[in-house]
Amino acid sequence: MRIEAVELRRIAMPLVAPFRTSFGTETARDVLLVRVVTPDAEGWGECVAIADPLYSPEYVEGAQDVLRRFLIPALPEDADEYRVERALEPFKGHRMAKAALGTAVLDARLRAAGESFGRYLGAARERVPCGVSVGIMDSVPELLDAVAGYLDEGYVRIKLKIEPGWDVEPVRAVRERFGDVPLQVDANAAYTLADARRLKELDAFGLLLIEQPLGDEDLVQHAELARALATPVCLDESIESAADAAAAIALGAASVVNVKPGRVGGYLEARRIHDVCRAHGVAVWCGGMLETGIGRAANVALAALPGFTLPGDTSASRRYYARDVTEPFELDGGHLEVPRGPGVGVRPVPERLEEFTTSSEWVTL
Ligand SMILES: O=C(O)CCC(=O)N[C@@H](C(=O)O)c1ccccc1
C-alpha cells in the first residue's frame, strides 16, 4: 500500500471534569491524531501521549516531532502494519508515536480491504463489559457521589486512583457504601516497598487487583510486594512489550496486566502481550489514556479478544468528553459494542474535527 501523505493534527478536547492521578491533574487533552492517506483509503491513529512526560517519558509535542523528523520519513514504499513495525524498529522508544502511525496504516489497509479491526485482531465477542476509572477527589463524600453516578450509568467495575494519603480510607468508604461491587485501585507508581504494610491493609477489601503500586522499572520489587500481598498485582507502566510481560510473569511481578496499545507501540504488540499472558494463565484487561472515539474504537475491538477477561477502562465517551470528535460511544447495559465497520469503524465527524483542531501539518512522502 502506497502512502501518499500523513497529516499530524492536534485537537484540544476539554474534559467534563478534572481527572486527578498520583502524577497530576488533567483538565483537557491536547491530542495528536495521525491521518494516513493512501490511494484506496484514509486511516486514523490516536497518539495517547499526554502534554507532559509525567505518565511516561513521551509527551505530545515530542511525539509530533519524532513522527515528523524520523518515523514518517522511514515509512516503506509499500507499507503494511508489519513492514511499518519493522521500519520503525531502529528508532528507540517513542512507542506512543509509533503506535499512532502504525495504527493509522493498519486502519487504512483494513478500510480498503473492508475488514474490521475486531475481526482482524481476533475478537471473540461483539460487546465488551466496561469499567470506569475514578480520579483522586478532594473528599470521600465527593468520591462516593461520583462512584454512585457511575454505577447508576451501568459500569460493571470501579477503579480508584490512589496515592499515599488517599488509599485505605476511600477504598473502605466505597466498600461500606456499595458492598462487593467489583473494585480495583491504581497507584501509578506512587509507592515504594517501604509502604508494603500500608498496601497490605488493602487486602481487607477483596480488591480485584492493585495496579502499578511501585516504579515503572521495579519488576523485582513488585515481585517482592506480590509475595507479601493477597491482592493480585497488576502492571501498567512497567509493561512496554511482550518481552516485558514475559519477564514480569517469570519474576512473579504481575498476575494481571493492563494492556494499553499506545504504551506498547501498537495493536500488534498489544496482541502479542495478550498471547503471552494467555499462555501463562495471566488475565489482561484494556487500559485507557482518555482516548477520543478514534482510539476508543480500536481499544474496544482489542478488549473483545478472548484473554481480556477483566473489564477494562473502556468507558463511554461522556466519561471524559461532552462532545467526542467521533460519534460518541454510549454504554449499553454496562457494555460497549465492538465497531463492525471496516478499519476501526469510526471516523472523526468533519465539523467536530474542525471545531477542536488547534493545528494541522502535512508530511508528504
Ligand atoms: O478511562 C480512561 O481512558 C483513563 C483510564 C486511566 O485511569 N488512565 C490513567 C492511567 O494511569 O491508566 C491515565 C490518566 C491520564 C493520563 C495517563 C494515564
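Every number for a ligand or one of its atoms is a count from 1 in the order of the listing. Heads up: numbering here begins at 1 and tracks the sequence.
The proximity of Asn188 to ligand 1, defined as any non-hydrogen pair under 4.0 Å, is limited to the side chain. Heavy atoms of Lys260 found under 4.0 angstrom from ligand 1 belong exclusively to the side chain. Proximity of Asp236 to ligand 1, defined as any heavy-atom pair under 4.0 Å, is confined to the side chain (atoms from C-beta onward). The proximity of Thr314 to ligand 1, defined as any non-hydrogen pair under 4.0 Å, does not occur for either the backbone or the side chain. Contacts between Ile50 and ligand 1, counted as non-hydrogen atom pairs separated by less than 4.0 Å, involve the side chain only.
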Go through the steps to decide whether Arg109 and Asp80 satisfy the test salt bridge (Lys or Arg N to Asp or Glu O under 4.0 Å), and finish with yes or no.
CA-CA 7 Å; Arg109 190 181 72 70; Asp80 67 28; 5.7 Å; no
Report the C-alpha distance between His94 and Glu58 in whole Å, list the side-chain angles of each, state the deciding distance to 0.1 Å, and finish with yes or no for side chain to side chain contact (heavy atoms under 4.5 Å, CB included).
CA-CA 7 Å; His94 297 288; Glu58 293 190 77; 4.0 Å; yes
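Val259 pairs in a side chain to side chain contact (heavy atoms under 4.5 Å, CB included) with only one of the listed residues (Asp236, Leu302, Ile239), which is Leu302.
For the pair Arg157 and Trp285, the cation-pi test (distance below 6.0 Å, angle within 45°) is passed.
Those atoms of ligand 1 with a heavy atom of Lys159 less than 4.0 angstrom away are 6 (C), 7 (O), 12 (O). Taking every heavy atom of Asp186 and a limit of under 4.0 angstrom, the matching atoms of ligand 1 come to 10 (C), 11 (O), 12 (O).
Taking only nitrogen or oxygen atoms, main chain and side chain alike, Ser315 does not reach within less than 3.5 Å of ligand 1. Inclusion of Glu26 in the set of residues having an N or O under 3.5 Å from an N or O of ligand 1 is not warranted. Between Phe23 and ligand 1, no N or O atom pair is found at a separation short of 3.5 Å.
Ser133 OG, 2.7 Å is the protein heavy atom nearest to atom 7 (O) of ligand 1. Given atom 8 (N) of ligand 1, the protein heavy atom at minimum distance is Gly288 O, 3.0 Å. The protein heavy-atom contact nearest to atom 4 (C) of ligand 1 is Tyr320 OH, 3.1 Å. In terms of protein heavy-atom proximity, atom 18 (C) of ligand 1 is nearest to Met289 SD, 3.4 Å. Protein heavy atom closest to atom 15 (C) of ligand 1, with residue, atom name and distance, is Leu290 CD1, 3.9 Å. Among protein heavy atoms, the minimum distance from atom 14 (C) of ligand 1 is reached at Phe19 CE2, 3.4 Å.
Using a 4.0 Å cutoff on heavy atoms, Lys161 counts as a contact of ligand 1.
Between Val134 and Leu143, the shortest heavy-atom contact is CG1-CD1, 3.6 Å. Residue Pro73 comes nearest to Leu67 through the heavy atom pair CD-O, 3.6 Å, listed as atom of the first residue, atom of the second, then distance.
The aromatic rings of Tyr320 and Phe19 sit perpendicular, their planes meeting at an angle over 60°, well past the 30° parallel limit.
A salt bridge links Asp65 with Arg68: the closest approach of a Lys/Arg side-chain nitrogen to an acidic carboxylate oxygen falls below 4.0 angstrom.
Summarising the geometry, atom CG belonging to Leu193 is positioned 8.5 Å from atom CG belonging to Asp195; distances are rounded to the nearest 0.5 Å.
Under the 4.5 Å side-chain criterion, counting only non-hydrogen atoms from C-beta, Arg323 is in contact with Glu355.
Annotation: Tyr267 is not in aromatic contact with Tyr120 [ring centroid separation under 6.0 Å not met].
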